[in-house]
Amino acid sequence: MSTPQLEKTYDPKAVEARWSQVWDQQGYFHASPTHPGQPYCIVIPPPNITGSLHVGHALNHSIQDILIRWRRMQGRNVLWLPGTDHAGIATQNVVEKQLMAEGASRESIGRERFIERVWQWKTTYGNTIVSQQKQLGESCDWDRLRFTMDEGLSKAVLEVFVRLHEDGLIYRGERLINWCPRCLTALSDIEVEHEDVKGKLYTIRYPLAKDPTQYLLVATTRPETMLGDTAVAVHPEDERYRHLIDEEVRLPLTTRTIPIVKDAILVDREFGTGAVKITPAHDFNDEKAGERHHLRRISLFNEHAQLSPLGLQEAQVDDAIRGELALTSVQDARGIVVKELDSRGLLAATDPHKMPIGKCYRCKTVVEPFLSPQWFVKIQPLAEPAIEVVETGQVRIIPEGWKNNYLGWMRDIKDWCISRQIWWGHQIPAWYCKGCNADILLSTKPDGTWVIPLEAKPIVAKTPPTHCPNCGGQEFIHDPDVLDTWFSSALWPFSTLGWPEQTPELKKYYPTSTLVTGLDILFFWVARMIMMGLKFMGDVPFRDVYIHALVRDVEGQKMSKSKGNVIDPLHVMEQFGTDALRFTLASMASPGRDIKLAEERIEGYRNFANKIWNAARFAHIYLAGIKESMPPTDRSFPGLWIRSRLNDTIQVVTMELEAYRFDRATNALYHFFWHEYCDWYLELIKPVLQDTMHPQGSATRRMLQETLEVFLRLLHPFMPFISEEIWQTLPHTGETIVTQPYPVTQTDWHDPSSEETFHLFEQCIGLMRTARVLLNYPPGKEVRFFVTHEDPAAIVRLGTLEQELVHLGRGQISLTHVSQRPMSNVLGLIRDGVTVGVSVEGDVDLNKALDRLVKQIAETDRESQRLDGKLKSADFVSKAPPEVITDHQDRLRALSRDRAMLTSSEQQLRAMLGA
RNA sequence: AGGCGGAUAGCUCAGUUGGGAGAGCGCUGCUUUUACAAGGCAGAGGUCACAGGUUCGAUCCCUGUUCCGCCUACCA
């Protein structure tokens, strides 16, 4: 419990450290299926164990924490389930680097010891991000922290794999897959990033077999793959080539001849020469074309993307260049092939050409289409129900614009390659009987890894088989591949809740409520969770998917370490406070727009935190006597007005949270507190508070205390630390703001009358202050004001505010009827019917005031003419709705009323200037 | 190539049944007054990208154009 003596500026560091510890120790975030209330559950998108908190996490987690704290305060049975994922390739890379530094390698220590090393690494470094999350104030149930390689989650993975296999939805196949020659593993389609590069388009002469003096011109961007061509395709309706169909060409640099086939799908007559080489083992389109024409697949490369001697042999490459080509990289091979074609007069042209290339999303190495046996998920049957639940709105995607993005991708989805040739991850639960597969299981790689040919018969089971059901053999080889990390992530919403066990948690919290994520993993993760959730739980994994923006730098560039434009959230939290960072991110989370984050914005909200802090300091000066909260009896204008505004703010914030409009919710909080509560309310009640004998004193102090306390609860999900810190110093019940009820609107707080009065008051004070500035009167100077209004009711209203007008206007106030206002030595300012006259004293420059009046008259005239023009239009009067016409008429009348006053005031000024 | 999004004040962005253009930051002037100079007060600043259309009326709805961004993709 902190003392009410608050420092002059808010120092977040000590406060944050203290409260994160208390919250955690007291178990306020602990969830239980036995708690009361409607369940509200979010599972965190598991950050990867090699990562540390970046600003994207900060945004993602801040939003979730806002939702979670808000729902918790609303009395829901809240569970925010944290965890991390094992990030197969990334983590393996990190540990391999460590080994390399020690002069060792994964291969040298072997699979078992390598995996031990990874676990060791995970224990030492894998929780970095978790402690950083706690620093951000995340109110996760940390007791339930999960990891994708945990025993329970691994059990779920086995269960899912085996059941999908039984259902025929997992199969082994030999197909072209994306292969990273650096990571030495397969990648799924979406783990490949496409990028346009400047390449070259080579046009090559393929001599006709029956007449080698004639050529077919073939264009390609990858000449080195021509060695593996098994056909050339032309369009069936292309007059240029129709006579060549079913003829053969001699494949340059080889001793082979290959057929010319017709293919309307592959060939675009407009592009290049209209003739396309088909290389089924090195291009995804060619693979399909090869199937259509029953072509042989010649795989040229080894796993390092070097030309393999075996491949060169199979391709019947000329002996003369085979030695030169063997074990060269793609780049080198290209040079050799092009040089060789050129020297033989077969290179017809080389043109610059822009083309897309695929890169590994983890290491940015150029990915090769590679022919190899892999495990796949047959995705179509899983995708169909996952499309339906989004179409019917059982899963809502917010903002809705992304829905089509999702549906489009899902409708065109391709089978998912789930096997990875790495060691860190869930090893595939498939075994091969040594006896049955004796003939084909002979080869092993240098590192001891078995190569499992496609023909091998796997036994898929949750536990290793003891004897072969076929031959009774008892020796087995475990499939060396591991599963794609996203395979286990796809089970996250139910595996973390205990599935396949039917735990109370699973029953209570599944389906979860909301998933908060960035667009970048909509396909990687969200789509797959929906498919797996429907398949294994028979229900959607979550009701709402909120997709937030990407955080970019001030210039709108993606943040990256190499560009040096990364904003480190921990540094920002250190500098400006965690609450400021959270509030900033929330305030910028407008739907459908990326966030350009600049430090100045965070500084601005640091100032907001400080403003709240100082308002609390102010309150403490006068709340010393109040030890417990009591219902306010304040019936004064400032109290009723601010309570009405607070009520409205509660309504807006709640509504915007329901709509996931964090930007608008924060704006409402900011505007209310700074520009209504501090600028007006606190200023208005100062005279009452400062007069210890004031009859309204007690009631005013209670209202001050109550409104501040309610505001802090309203603010808490957004700025958890400062709200807790201040709340603790105010009279309160309960031990923490974390579990207090979220404010709800109250009909008797709504007070339109005092809001209307305030509007009038604000205009009046505004004119008084403007007048002071126009006449260069010092702020402290006692000035005499004459306030009038055309509407007698408004004068009565203003009459009740005389004390307040005197206080904030800093001068004497005379409320008079319009006809009675003094006409000499007075500057009159007018706005919306309010007239404020200021006595002109001393030697002041009136030209500034005159300029303002002249300008205002011109504006008034312009607007009057616009309105008058509309009202004179027969079309407008006959077709516009009556209330719009009335409104126009009212505004025109008010303008001409103001104008009369303005010109009269102008004349007075001119008279004074002339004198 | 296709799809989606964006273009509003110097900057970052709000702005829904179409009817007087807003905020924050920055800027200018005044101001150290007892919650806060990380403050207070006042103020300047905008053909709502461009061209058409629908409408009595368009920042908003429709069509087209330009520019920027993102995603998807098999132009070899």
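We name chains A, B, ... by the order of the sequence lines, and we start the count at 1 in each one.
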Would you say A:R222 reaches B:C75's phosphate, i.e. side-chain N/O to OP1/OP2 under 4.0 Å?
no
Please enumerate all residues that pass ring-ring contact (aromatic ring centres under 6.0 Å, His included) together with A:Y677, with sequence neighbours excluded.
A:F672, A:F673, A:Y681
Ignoring the backbone of A:K611, work out which of B:A35, B:A14, B:C75 is nearest its side chain.
B:A35
Determine: side-chain N/O of A:R852 to OP1/OP2 of B:G43, distance under 4.0 Å, yes or no.
yes
Does any donor-acceptor pair link the side chain of A:K8 with the base of B:C36 at a separation under 3.5 Å?
no
Integer angstrom distance from the P of B:A23 to that of B:U34
29 Å
Distance below 4.0 Å between A:R772 side-chain N/O and B:A42 OP1 or OP2:
no
Using the C1' atoms only, state how far B:A9 lies from B:G52, rounded to an integer number of Å.
27 Å
Among B:C56, B:G24, B:C74, which nucleotide has an atom closest to any side-chain atom of A:R601?
B:G24
Looking at A:F576, I'd like to know if the NZ or CZ of A:R606 sits under 6.0 Å from its six-membered ring centre while staying within 45 degrees of the ring's axis.
no
Would you kindly check whether a donor in the side chain of A:R606 faces an acceptor in the base of B:A38, or vice versa, at under 3.5 angstrom?
yes
Select one nucleotide: of B:A38, B:G20, B:C56, the one nearest the side-chain heavy atoms of A:N607.
B:A38
Kindly point out which of B:A73, B:U12, B:A42 is positioned nearest to the side chain of A:M588?
B:U12
Where the side chain of A:V773 is concerned, which of B:A35, B:A76, B:A42 is the nearest nucleotide?
B:A42
If you only use heavy atoms from C-beta on, which nucleotide in B:A76, B:C56, B:A35 is closest to the side chain of A:A880?
B:C56
Work out how far the P atom of B:G64 is from that of B:C4, and round it to whole angstrom.
12 Å
What residues form a side-chain hydrogen bond (donor to acceptor under 3.5 Å, both in side chains) with A:D861, not counting sequence neighbours?
A:R899
Return no unless some side-chain N or O of A:W674 is found under 4.0 Å from OP1 or OP2 of B:G40.
yes
